[in-house]
2 protein chains.
Amino acid sequence: MFFHIDTKSNAPLYEQIIQQVKEMCAKGLLIPDERLPSVRELSSHMVINPNTVSKAYQELERQGIIVTVRGRGTFISKETDRTIDPGRLKAIREFLKEAVIENYYAGYSKKELIELLEEVYEEMEGKTDEN
Amino acid sequence: MFFHIDTKSNAPLYEQIIQQVKEMCAKGLLIPDERLPSVRELSSHMVINPNTVSKAYQELERQGIIVTVRGRGTFISKETDRTIDPGRLKAIREFLKEAVIENYYAGYSKKELIELLEEVYEEMEGKTDEN
DNA sequence: GAAAGTGTATTATGGAGATTAGTACACTTT
DNA sequence: AAAGTGTACTAATCTCCATAATACACTTTC
């Protein structure tokens, strides 16, 4: 249920938490109404500051991924309103563009990149939307 | 021939330069042996510090994208050794994974994501490897 | 050879963001 | 009442980004 931090990564700790929660949701490893570790619990387990965990949770709530209830805890949103963020499409294109550029330098073809994309989808274990 | 900086972006200036050079190479807008603006020229044109441009160029050379010649200038590599970086594949997978996750929250299907990838490829104007 | 233009190296400085630390508050459950 | 929840606040530290100013080694041009 907990997360891992990559000290070699240059990504901030709170962003790593955000990324992993979203990934687990997309994979179906976290389901609606499921409870996340409390701020203090997670921070002591990861040996990081509670503020850092709180910052991650607050951003996740801003994105509509989770819901926090005072005194009770934080939970995965019932129906993640899948269209909240208008900049989402732009972000997707950006990620794809970077993938294409790196793919160019790796010497792979477009076909191979698509196959790689299929692979990544497989790893998501079909828990996301099928087809 | 010059680059544009996005002040709204949180990406460092030197990374924006790197990204744009690589993108233009992949698009075929920069060809082997073509000369890049000199450090001083580019820095004064972009109104940024020469050191920042230099940092970008040095990282590009480390990746094998460009070659610098003392007293002459910096040029696009003849044959970009397309396999230099072993971490390249991992990077591609990471970009794809992030795209898939955001795609999930955008409510798009796998088919739609692949179509989006095709679109991004189109925008590269077929200057990269065909098929 | 002198001048102008190239990339590079060095040191110092300021600013922004990430993270930690400590404390306090409001709420809910038991 | 006690323990556990998220939250708010201030302060300090650290790292990275970017700037500034200067100097050096090299190449091309005149």
Side-chain angles (χ1 to χ4, degrees), chain A residues 1-22 30 32-78, chain B residues 1-22 30 32-78:
Chain A
M1 173 60 256
F2 291 99
F3 315 109
H4 52 274
I5 58 180
D6 181 4
T7 53
K8 285 167 292 188
S9 169
N10 26 358
L13 296 180
Y14 78 96
E15 290 223 32
Q16 294 189 35
I17 296 174
I18 292 173
Q19 158 77 2
Q20 285 175 58
V21 170
K22 291 173 76 173
L30 284 177
D33 282 337
E34 188 164 348
R35 187 173 171 280
L36 289 173
S38 77
V39 169
R40 290 175 181 78
E41 188 181 5
L42 183 53
S43 67
S44 77
H45 187 274
M46 295 179 76
V47 197
I48 62 179
N49 196 278
N51 293 337
T52 303
V53 176
S54 181
K55 185 174 182 181
Y57 280 8
Q58 284 177 48
E59 172 59 19
L60 281 166
E61 178 162 37
R62 195 199 63 77
Q63 290 185 31
I65 314 289
I66 66 178
V67 171
T68 71
V69 186
R70 276 234 169 179
R72 295 201 53 222
T74 73
F75 308 84
I76 305 295
S77 295
K78 279 192 195 303
Chain B
M1 172 61 257
F2 290 99
F3 315 109
H4 52 275
I5 57 179
D6 182 4
T7 53
K8 284 166 293 187
S9 170
N10 25 359
L13 294 180
Y14 80 98
E15 290 225 29
Q16 292 189 36
I17 295 174
I18 292 172
Q19 158 77 3
Q20 285 175 57
V21 170
K22 291 173 77 172
L30 284 177
D33 280 337
E34 187 166 348
R35 189 172 169 281
L36 289 173
S38 77
V39 169
R40 291 174 181 78
E41 188 181 5
L42 183 54
S43 68
S44 76
H45 186 274
M46 295 179 76
V47 197
I48 62 178
N49 196 279
N51 292 340
T52 304
V53 176
S54 181
K55 185 175 183 180
Y57 280 8
Q58 285 177 48
E59 172 59 19
L60 281 167
E61 179 162 37
R62 195 199 63 77
Q63 290 186 33
I65 314 288
I66 67 178
V67 172
T68 72
V69 187
R70 278 235 169 179
R72 294 200 54 224
T74 72
F75 308 83
I76 303 296
S77 296
K78 281 191 194 303

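Everything numeric in this text was worked out from a predicted model, so none of it was measured. Within every chain, numbering begins at 1; the chains are lettered A, B, ... in the order of the sequence lines, protein sequences first and strands thereafter.
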Rounded to the nearest 0.5 Å, how far does CZ of A:Phe2 lie from NE2 of A:His45?
5.0 Å
For the residue pair B:Ser77 and B:Gly64, what are the closest heavy atoms and their distance?
OG-O, 2.9 Å
Set out, in order, the CA-CA distance, both residues' side-chain angles and the distance that settles side chain to side chain contact (heavy atoms under 4.5 Å, CB included) for A:Leu13 and A:Met46, then state yes or no.
CA-CA 10 Å; A:Leu13 296 180; A:Met46 295 179 76; over 6 Å; no
Over all heavy atoms of both residues, which pair between B:Pro50 and B:Val39 is shortest? Give the atoms and the distance, please.
O-CG1, 3.5 Å
Stepwise side chain to side chain contact (heavy atoms under 4.5 Å, CB included) test for A:Tyr14 and A:Asn51:
CA-CA 9 Å; A:Tyr14 78 96; A:Asn51 293 337; over 6 Å; no
A:Asn10 CG to D:dC14 C1': how many Å, rounded?
16 Å
Side chain of B:Thr52: nearest nucleotide among D:dT19, C:dT8, D:dT7?
D:dT19
Using atom CD of A:Glu61 as one end and atom C1' of D:dG6 as the other, report the distance to the nearest whole Å.
10 Å
Restricting to non-hydrogen atoms, name the atom on B:Val53 and the atom on B:Ile48 that form the minimum distance, rounded to 0.1 Å.
CG2-CD1, 3.8 Å
Within the structure, does a side-chain N or O atom of B:Ser38 lie under 4.0 Å from either OP1 or OP2 of C:dG5?
no
When you look for runs of 3 or more Watson-Crick or G-U pairs in a row, both distances below 3.5 Å, which of them include DNA chain C?
C:1-30 with D:1-30
Can you name the nearest heavy-atom pair linking A:Pro37 to A:Leu42, along with the distance?
CB-CB, 3.9 Å
Between C:dG7 atom C1' and B:Leu60 atom CG, what is the distance in whole Å?
14 Å
Quick one: is C:dT8 close enough that its OP1 or OP2 comes under 4.0 Å of any side-chain N or O from B:Thr68?
yes
N/O contacts under 3.5 Å, protein versus nucleotides 23-30 of chain C?
| residue | atom | partner | partner atom | Å |
| --- | --- | --- | --- | --- |
| C:dA26 | O4' | A:Arg70 | NH1 | 3.3 |

Return each pair, listed once, that meets salt bridge (charged side-chain N to carboxylate O under 4.0 Å, His left out) where at least one residue sits in residues 37-59 of chain B; pairs must be two or more places apart or across chains.
B:Glu59-B:Arg62
How many Å lie between CE on A:Met46 and P on C:dA18, as a whole number?
16 Å
Specify the residue among B:Arg35 and A:Pro12 whose closest nucleotide of DNA chain C lies further upstream toward the 5′ end.
B:Arg35
What integer distance in Å separates A:Glu59:CD from C:dA18:P?
11 Å
If you look only at distance, which donor and acceptor atoms sit under 3.5 Å apart when one is on a side chain in residues 67-76 of chain B and the other is two or more places apart or in another chain?
| residue | atom | partner | partner atom | Å |
| --- | --- | --- | --- | --- |
| B:Thr68 | OG1 | B:Glu61 | OE1 | 3.2 |
| B:Thr68 | OG1 | B:Glu61 | OE2 | 3.4 |

What pair of heavy atoms forms the shortest contact from B:Gln16 to B:Asp6, and how long is it?
OE1-N, 2.9 Å
Exactly one of B:Thr52, B:Leu36, B:Ile65 should register a side chain to side chain contact (heavy atoms under 4.5 Å, CB included) with B:Tyr57. Which one does?
B:Leu36
Whole-Å distance separating the CD1 atom of A:Ile5 from the C1' atom of C:dA18
13 Å
5' priority, DNA chain D, between A:Glu41 and B:Asn49 [closest heavy atom]
A:Glu41
Does C:dT19 have OP1 or OP2 under 4.0 Å away from a side-chain N or O of A:Lys55?
no
Side chain to side chain donor-acceptor pair (under 3.5 Å) partners for B:Ser54, two or more places apart:
B:Gln58
Distance in angstrom units between A:Ile48 CD1 and D:dC14 C1', rounded
17 Å
Let's see if you get this right: which residues in residues 13-20 of chain A place a heavy atom under 4.0 Å from DNA chain D?
none
